[in-house]
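Worksheet: the structure to be examined is printed underneath.
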Amino acid sequence: MARRRATLLLCAFCTFAATTASRPARAATAEPSALAFTDGRAGVSLDGAWHVIVDPYDNGSLDYRSQPRPHGYFDDARPRDKSDLVEYDFARSPTLQVPGDWNTQRAELLYYEGTIWYQRRFDAALHPGSRAFVQFGAAAQRATVWLNGKRLGEHEGGFTPFAFEVTGVVRPRDNSIVVKVDNTRRADALPALNTDWWNYGGLTRGVRLVETPRVFVRNAVVQLAKENTSVVRASVRLDGARAPVKVTIEIPEVHAGFTTMTDEHGNARFEFGATLAPWSPETPRLYDVVIRTGDDRVQDRIGFRTVATRGPDILLNGKPIFLRGISLHEEALGRGGRATTRAQAEALLNLAKDLGCNFVRLAHYPHGDEMTRAADRLGLLVWSEIPVYWTIAWSNVTTLATARAQLGEEIARDHNRASVILWSVGNETPVSEARNQFLRTLVEDVRAADDTRLVTAALEHRAVDARTHVLDDPLGVALDVLGLNEYVGWYDGLPPKCDTLAWRSAYNKPIIVSEFGADAKAGLHGDALTRFSEEYQADVYRRQIAMLKKIPSLRGLSPWILVDFRSPRRPLPGVQDGWNRKGLVGDDGTKKQAFGVLRDAYRAWPALAPAAAAAR
């Protein structure tokens, strides 16, 4: 039996690989494939140890002449030639933990970029008449999936969820799922070739077999009406409905709800009155929301709030707010690697709370839903971003399609997270007409998908003269909130330059200074002009805060960055050693002097920036 099992795995691998190589990549689609409400459904967790085969030459897909391998339908019962790829035997291969990146699980994979094949076996006792889906929280950066020899499909984008239906493919016992994961950087991908963070690869978020009724709730959007906060507005999308069916939505705690019929496409819209305590950083109130149709019942914890702009003000629940924030990567505190668990997300966000933050910028890609759900619970407003970062292939139609797909999947996943108030369409992108058109398309997509939140991007600026910098990026016309990245005192002169510099904006819109900072290695000391010392970083923060308080339209800060993170761009021996050291907290959890500087500033900060408060 053991020998036959190994042979079946080998045959499966050959056929899976050949199918991948022979099929052209499909264009990305803005239609999200993931299911909502998966945690509360029946199913099987596929997290844990998966067998892996490291394949740097992509030998599983290409033969020795770099030609796609012959392919055909694989059937477990059909014998195959055992000599085909005899080296590839999952049963005898080592394992990696899922969810998790491969880089930090095995030292020899730290810098690895390429293909790794994942495989595991599982049983699945499903209810008669039910449907089944396999859902991935994320696979970095590209994945192709097979179950029991059937190619399910592929997904591009390393940070958003996706799912495939496996009804009729999954068996009660001894299923084999295989995933080809490839994190090779490409000029036409998102992110592209050059980033300042680690290119983690692998099944970096959870995998689950999900069981649903024949007709089920695929997704739902539930939030306050913008124009009337006593009204809840919702839309529900069913899957499997062949005719109009009844759908009910309820908020049991306040005895509110409504029942209606779907249209012929399985979509329903709701509008009903409810008196709800508004969600805010001070009172992050969440309500159970229940949706029922036929045999399906799903539930979510949702907060209700409004966000808008008025001139240079950001309004939360109708009142001006200043966003005391910090940027952070999805990097596990203490070891690096992707933060994958609820505990790891809460550890990072609790550090932000300790800093005095009411706001976090989740850079530079969609973080896992453990992060946004934790922000809901802890009362932290969120800037969420897709990896349109630095220079990408602005004129490539496939690149644009990929960006639109990732944006659509991000919004679909986090539409009901009260903490998320800003969708960001890019970071530090160079101005050109092709870039402007690319990003304007993404802005239009956001507004079509979600008109209840604000749109932003982290923009660059230009010097008018030695004493004046201006923010006049033409994309600002399309945005609600202007992000401003600047590094005066680190990349732009020495810290005293902050004392003489003035800032102007071409737009009467809120500005969030989305990045500033300086590198410092925790425990390295010197005077205020000793680079990489804690004293230098602390001095930059003191001078930056004094400078930025003079900007009348300043409505938020998210300095760079909460915690040190891995980056191959940072090789300086004995100081960086492959880490970006701009964190206020070292990778081992040590708080640097600048942490206290910013915390003290935030504790004393008024509701609006001082220049704006004085103007009133």
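Note that the structure is a prediction, hence the values are computed from the model and not measured. Residues: numbered from 1 along the sequence shown.
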(request) Specify the closest pair of heavy atoms between Thr195 and Pro191, including all atoms of both residues, with the distance to one decimal. (result) CG2-CB, 3.7 Å

(request) Enumerate the residue pairs fulfilling ring-ring contact (aromatic ring centres under 6.0 Å, His included) with a member in residues 400-454, sequence neighbours excluded, ordered by first and then second residue. (result) Trp394-Phe438

(request) Assess the side chains of Tyr200 and Glu330: does a donor N or O sit below 3.5 Å from an acceptor N or O? (result) no

(message) Please report the interatomic distance CD1(Ile249) to CZ(Phe270), rounded to the nearest 0.5 Å.
(response) 6.0 Å

(message) I need the Asp369 CG to Thr160 OG1 distance, nearest 0.5 Å.
(response) 12.0 Å

(message) Before you tell me yes or no, could you show the steps for Arg361 and Glu385 under salt bridge (charged side-chain N to carboxylate O under 4.0 Å, His left out), namely the whole-Å CA-CA distance, both residues' side-chain angles and the distance that decides it to 0.1 Å?
(response) CA-CA 8 Å; Arg361 178 187 179 211; Glu385 192 162 285; 3.1 Å; yes

(request) Look only at the side chain of Thr456 and the backbone of Val481, and say whether a donor-acceptor pair between them is shorter than 3.5 Å. (result) yes

(message) salt bridge (charged side-chain N to carboxylate O under 4.0 Å, His left out), that's the test. Do Asp473 and Arg435 meet it? Break it down for me.
(response) CA-CA 11 Å; Asp473 188 313; Arg435 168 266 198 183; 2.6 Å; yes

(request) Decide side-chain hydrogen bond (donor to acceptor under 3.5 Å, both in side chains) for Ser558 and Glu515; before the verdict, give the C-alpha distance in whole Å, the side-chain angles of both, and the deciding distance to 0.1 Å. (result) CA-CA 6 Å; Ser558 59; Glu515 291 185 29; over 6 Å; no

(message) Looking at His461 and Asn485, would you say the former's side chain and the latter's main chain have a donor-acceptor pair under 3.5 Å?
(response) yes

(message) I need the minimum non-hydrogen distance between Leu348 and Glu331, along with the two atoms involved.
(response) CD1-O, 3.5 Å

(request) Taking only Lys NZ, Arg NE, NH1 and NH2, and the carboxylate oxygens of Asp or Glu, determine whether Arg301 and Asp376 approach each other closer than 4.0 Å. (result) no

(message) Pairing donors with acceptors under 3.5 angstrom, does anything connect the side chains of Asp480 and Thr309?
(response) no

(message) Is it the case that the side chains of Glu486 and Gln544 hold a donor-acceptor pair, with the cut-off being a distance below 3.5 Å and no angle test?
(response) yes

(message) Holding to ring-ring contact (aromatic ring centres under 6.0 Å, His included), I want the full list of residues that pass it with Phe516, two or more places apart in sequence or in another chain.
(response) Tyr541

(request) Would you name the heavy atoms of Gly318 and Thr306 that are closest together and state the gap between them? (result) N-OG1, 3.9 Å

(message) Do Arg570 and Trp579 form a cation-pi contact, if we require the NZ or CZ to be under 6.0 Å from the six-membered ring centre and within 45 degrees of the ring's axis?
(response) no

(request) Indicate yes or no for a side-chain donor-acceptor contact from Lys226 to the backbone of Asp451 under 3.5 Å, with no hydrogens or angles considered. (result) yes

(request) For residues Pro510 and Asp313, determine if any side-chain heavy atom of one lies less than 4.5 Å from a side-chain heavy atom of the other. (result) no

(request) Kindly compute the distance separating CG (Asn267) from CZ (Arg237), expressed to the nearest 0.5 Å. (result) 7.5 Å

(message) Run the salt bridge (charged side-chain N to carboxylate O under 4.0 Å, His left out) test on Asp564 and Arg581 for me, step by step, so that the C-alpha distance in whole Å, both residues' side-chain angles and the decisive distance to 0.1 Å come before the verdict.
(response) CA-CA 5 Å; Asp564 291 351; Arg581 298 294 185 188; 3.2 Å; yes

(message) Within the supplied structure, the quantity of interest is the number of heavy atoms (other residues, nucleotides, ligands) at a distance under 6.0 Å from Arg447 CZ; does it exceed 12?
(response) yes

(request) Nearest 0.5 Å please: distance from the CD1 atom of Ile511 over to the CZ atom of Arg555. (result) 9.0 Å

(message) Between Asp300 (side chain only) and Val289 (backbone N and O only), is there a donor and an acceptor less than 3.5 Å apart?
(response) no

(request) Please examine the side chains of Arg269 and Arg233, heavy atoms only from C-beta on, and report whether any two atoms are closer than 4.5 Å. (result) no

(message) In the structure I gave you, are the side-chain heavy atoms of Leu484 and Ile512 within less than 4.5 Å of one another anywhere?
(response) no

(message) Between Leu422 and Val455, does the side-chain contact (heavy atoms from CB on, under 4.5 Å) criterion hold? Intermediate values first, please.
(response) CA-CA 6 Å; Leu422 289 155; Val455 189; over 6 Å; no

(message) Within the 4.5 Å heavy-atom criterion, are Phe565 and Trp198 side-chain neighbours or not?
(response) no

(request) Identify the two heavy atoms, one from Tyr602 and one from Gly325, that lie closest to each other, and give their separation to 0.1 Å. (result) OH-O, 2.7 Å

(request) Verify side-chain contact (heavy atoms from CB on, under 4.5 Å) between Thr340 and Glu370, making sure each step is shown before the conclusion. (result) CA-CA 8 Å; Thr340 60; Glu370 290 288 7; over 6 Å; no

(message) Applying ring-ring contact (aromatic ring centres under 6.0 Å, His included) as the test, list every pair that has at least one member in residues 330-369; sequence neighbours left out.
(response) Phe159-Tyr365, Trp197-His364, Trp197-Tyr365, His329-His364, His329-Tyr365, His364-Tyr389, His364-Trp560, Tyr365-His367

(message) Between Tyr507 (side chain only) and Leu482 (backbone N and O only), is there a donor and an acceptor less than 3.5 Å apart?
(response) no

(request) With rounding to the nearest 0.5 Å, note down the distance linking OG1 in Thr429 to CG in Leu439. (result) 5.0 Å

(request) Of all the heavy-atom pairs spanning Ala412 and Asn219, show the shortest one and how long it is. (result) O-ND2, 3.6 Å

(message) Donor-acceptor check, side chain of Lys509 to backbone of Gly476, threshold 3.5 angstrom: yes or no?
(response) yes

(message) I'd like to know if Glu433 pairs up with Arg440 as an ion pair, taking the criterion as any Lys NZ or Arg NE/NH1/NH2 lying under 4.0 Å from an Asp or Glu carboxylate oxygen.
(response) yes

(request) Decide yes or no on side-chain hydrogen bond (donor to acceptor under 3.5 Å, both in side chains) for Asn194 and Arg569, but give the supporting numbers first. (result) CA-CA 9 Å; Asn194 197 4; Arg569 292 174 59 89; 3.0 Å; yes

(request) Using atom types as modelled and distance alone, determine if a side-chain donor or acceptor of Lys591 lies under 3.5 Å from a backbone N or O of Gly596. (result) no

(message) Using only atom types and a distance under 3.5 Å, with no angle test, would you say the side chain of Gln537 pairs donor to acceptor with the backbone of Gly517?
(response) no

(request) Side-chain contact test, heavy atoms from C-beta onward, threshold under 4.5 Å: evaluate it for Pro99 versus Thr204 and give yes or no. (result) no

(request) Answer with yes or no whether the side chains of Thr402 and Thr399 bring together a donor and an acceptor at under 3.5 Å. (result) no

(request) Would you check if the side chain of Asn358 reaches a backbone N or O of Phe322 as a donor-acceptor pair within less than 3.5 Å? (result) yes

(message) When you measure from the side chain of Asp600 to the backbone of Arg603, do you find a donor-acceptor pair of N or O atoms at a distance under 3.5 Å?
(response) no

(request) Drop me the distance from Leu584's CG to Ile561's CD1, to the nearest 0.5 angstrom. (result) 9.5 Å

(message) Are Ile302 and Leu286 packed together at the side-chain level, in the sense that at least one heavy-atom pair is separated by less than 4.5 angstrom?
(response) no

(request) Applying salt bridge (charged side-chain N to carboxylate O under 4.0 Å, His left out), run through Glu346 and Lys353 and close with a yes or a no. (result) CA-CA 10 Å; Glu346 289 183 344; Lys353 294 281 287 187; over 6 Å; no

(message) Does the structure place the NZ or CZ of Arg599 under 6.0 Å from the centre of the six-membered ring of Phe595, at an angle of no more than 45° from the ring's axis?
(response) no

(request) Could you pull out the closest heavy-atom pair between Arg218 and Ala34, with the gap in Å? (result) NE-O, 3.7 Å

(message) Applying the side-chain hydrogen bond (donor to acceptor under 3.5 Å, both in side chains) criterion to His155, which one of Gln141, Arg142, Glu409 satisfies it?
(response) Glu409

(request) Could you tell me whether Arg338 and Asp101 make a salt bridge, using a distance below 4.0 angstrom between a side-chain N and a carboxylate O? (result) no

(message) Is there a side-chain contact between Ser419 and Leu380 in this structure, where contact means two heavy atoms from C-beta onward sitting under 4.5 Å apart?
(response) no

